[in-house]
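The next block holds one structure in the form of structure tokens; read it before the comments.
Keep in mind that this is a model prediction, so the values were computed, not measured. Letters go in sequence order (proteins before strands), and every chain restarts at 1. Note: hydrogens, waters and symmetry copies are ignored here, and every other heavy atom, side chains too, is used.
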Number of protein chains: 2
Amino acid sequence: MARLDALITRKGVYRHGSILYRSGDKFQALYAIRTGFFKTQILNEDGREQVTGFQMAGEIIGMDGIGSDAHTCDAVALEDSEICEIPFSRLEDLGRELPPLQKHLHRILSREIVRDQNIMLLLGSMRAEERLAAFLLNLSQRFAVRGYSPTSFQLRMTRQEIGSYLGLKLETVSRALSQLQESKLITVRNRSLEILCLHGLQACMGKRAR
Amino acid sequence: MARLDALITRKGVYRHGSILYRSGDKFQALYAIRTGFFKTQILNEDGREQVTGFQMAGEIIGMDGIGSDAHTCDAVALEDSEICEIPFSRLEDLGRELPPLQKHLHRILSREIVRDQNIMLLLGSMRAEERLAAFLLNLSQRFAVRGYSPTSFQLRMTRQEIGSYLGLKLETVSRALSQLQESKLITVRNRSLEILCLHGLQACMGKRAR
DNA sequence: TTTTAAATTTGATATATGTCAAAATTAGCA
DNA sequence: TGCTAATTTTGACATATATCAAATTTAAAA
């Protein structure tokens, strides 16, 4: 694993709002987020835009670029963040020598596929409040894995960005958050979010198909 | 490439309606569709279901299973289909010896990620008629790549399945198809579809964000 | 072939979310 | 610190799609 370390270089700090890569940029590396928070978004010809994910410290970003040697989305820092760069062709080289590393890469790629398909399920079959519940539970769970509180955290993104990710307008996001608060499942004040009842949120998420 | 051939074994014929793998099945292999047509679908706890893709001859299926050693969706034959099995651990072994094969696998995995993210864009930001247009154009393009007519083909799936894939109810799919026909962009009669104006469909797809 | 079940279309109506607008709050900047 | 722009909330109303229902067509089974 020391050999993997040798590959990785600090790419430095990305300030809030700055861009790690843009759609169309030549693909050369994956990036590990050391600290901070990012969003990825695709933009199609007619200006339609969609946030495809939010990535936090400890997660890997940039896998969209492998297939065409160019990135297909933009990655934007939502807070000041530190990034490590993993040159991909050298990672492939090393993967050939170290089967566990190779396996790990494949797992990461596959999990991204599964993650995306679960968002498809969310976008295709859940109503606004359920989408919000699913979104908050997902954040909660990821914070928990990283040793942060699963019930109390800051949202790093705007209502607009949450809406884009969930296929909703920002007003709908705001209303759904208010409703969840009304139901005593969460407390939300601006970007500060507290989950009062994880179980209740889970129940809310699984209410019923459309 | 003869060595790749040696890996691959005919898994035989899957009749219409039969299941290649189920969610929860142990992951052991990827599958290449030699002939035929499949759908993949996820089912969550509360019975909500979503078609995550339609796969045709020449495409690879099963990549969702790599990340957790178990499949996360069902793969169902939509017509009688022939399947080849590619044992994944042996593919990984071979990839270590043959860098071009390794690269190819990574590309396929990444392209699946990009495909899914484009469906997220569709589900999150397009209206019913645009989704249908995008869906038909995607099929058209894939048929074209495989040497079939890009403008005249059979739909292998029900309106219900199209709807599930596009996040719409089957009635909405039916109505949207009728509208596209009304606009002289397509002719549809049952499962037979003809695209009268590819350009018009593209324009329809890009109409405007919600 | 005849029968039955499944899939599709179309209409009427309901509803969730979008749109537009204004006020209130918060954050960034000089 | 105060000023300005951005974000958020909430309300009133519009609209796209869902829901319910019935008729029709197509495919499957006996």
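Rounded to an integer number of Å, the gap from A:E171 CD to D:dA12 C1' is 13 Å. To the nearest angstrom, P of C:dG18 lies 14 Å from CD of A:E129. What separates CD of B:Q160 from P of C:dT9 is a distance of 13 Å, to the nearest Å. In this structure, CD of B:Q179 is placed 12 Å from P of C:dG11, rounded to the nearest angstrom. Summarising the geometry, the separation between CG on B:L170 and C1' on C:dT10 is reported as 12 Å, rounded to the nearest angstrom. One atom, CD of A:E130, and another, P of D:dA18, lie 14 Å apart when rounded to the nearest Å. Put simply, NZ on A:K169 is 16 Å from P on D:dT15, counting in whole angstrom units. Across the protein-nucleic acid pair, B:N190 atom CG and D:dT25 atom P stand 11 Å apart, rounded to whole Å.
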With a 3.5 Å cut-off and sequence neighbours excluded, list the donor-acceptor pairs that the side chains of residues 174-186 of chain B form with protein atoms.
from: B:S178; atom 1: OG; to: B:S174; atom 2: O; distance (Å): 3.0
from: B:Q179; atom 1: NE2; to: B:E129; atom 2: OE1; distance (Å): 2.7
from: B:Q181; atom 1: OE1; to: B:V188; atom 2: N; distance (Å): 2.8
from: B:S183; atom 1: OG; to: B:Q179; atom 2: O; distance (Å): 2.8

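Residue B:R175 places none of its side-chain N or O atoms closer than 4.0 Å to OP1 or OP2 of C:dT10. The side chain of A:R191 contributes an N or O atom lying less than 4.0 Å from OP1 or OP2 of D:dT8. Taking side-chain N and O atoms only, A:S174 has no distance below 4.0 Å to OP1 or OP2 of D:dT8. Side-chain nitrogen and oxygen atoms of B:S178 include at least one within less than 4.0 Å of the OP1 or OP2 phosphate oxygen of C:dT10.
Taking the six-membered ring where tryptophan is involved, the planes of A:H106 and B:F88 are perpendicular, since the angle between them exceeds 60° and thus also 30°. Taking the six-membered ring for Trp and thresholds of 30 and 60 degrees, B:F143 and B:Y148 have ring planes more than 60 degrees apart, a perpendicular arrangement. A:H71 and A:F27 have perpendicular rings, their planes meeting at more than 60° on a 0 to 90° scale where under 30° would count as parallel.
Look at A:E85 and A:R90 and you find no salt bridge, because none of the NZ, NE, NH1 or NH2 atoms lies under 4.0 Å from a carboxylate O.
Within 4.0 Å of A:G17, counting heavy atoms only, lies no atom of the nucleic acid at all. Residue B:G163 is out of contact with every strand shown, counting any heavy-atom pair closer than 4.0 Å.
Among the nucleotides C:dA16, D:dA16, D:dT8, the one closest to any side-chain atom of A:T158 is D:dT8.
Comparing B:A128 and B:H16 by the nucleotide of DNA chain D that holds the closest heavy atom to each, the one mapping nearer the 5' end is B:A128. Each of B:R159 and A:T172 has a nearest nucleotide on DNA chain C; the 5'-most of these lies closest to B:R159.
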Exercise for review: Please step through salt bridge (Lys or Arg N to Asp or Glu O under 4.0 Å) for the pair B:R146 and B:E59, ending with a clear verdict.
Suggested key: CA-CA 10 Å; B:R146 282 159 185 83; B:E59 298 181 331; 3.6 Å; yes

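Rounded to 10 degrees, the angle between the two end axes of the helix from C:dT1-D:dA30 to C:dA30-D:dT1 is 60°, with five pairs used at each end.
Side-chain atoms of A:Q50 and A:S164 form no donor-acceptor pair, as typed in the model, at a separation below 3.5 Å.
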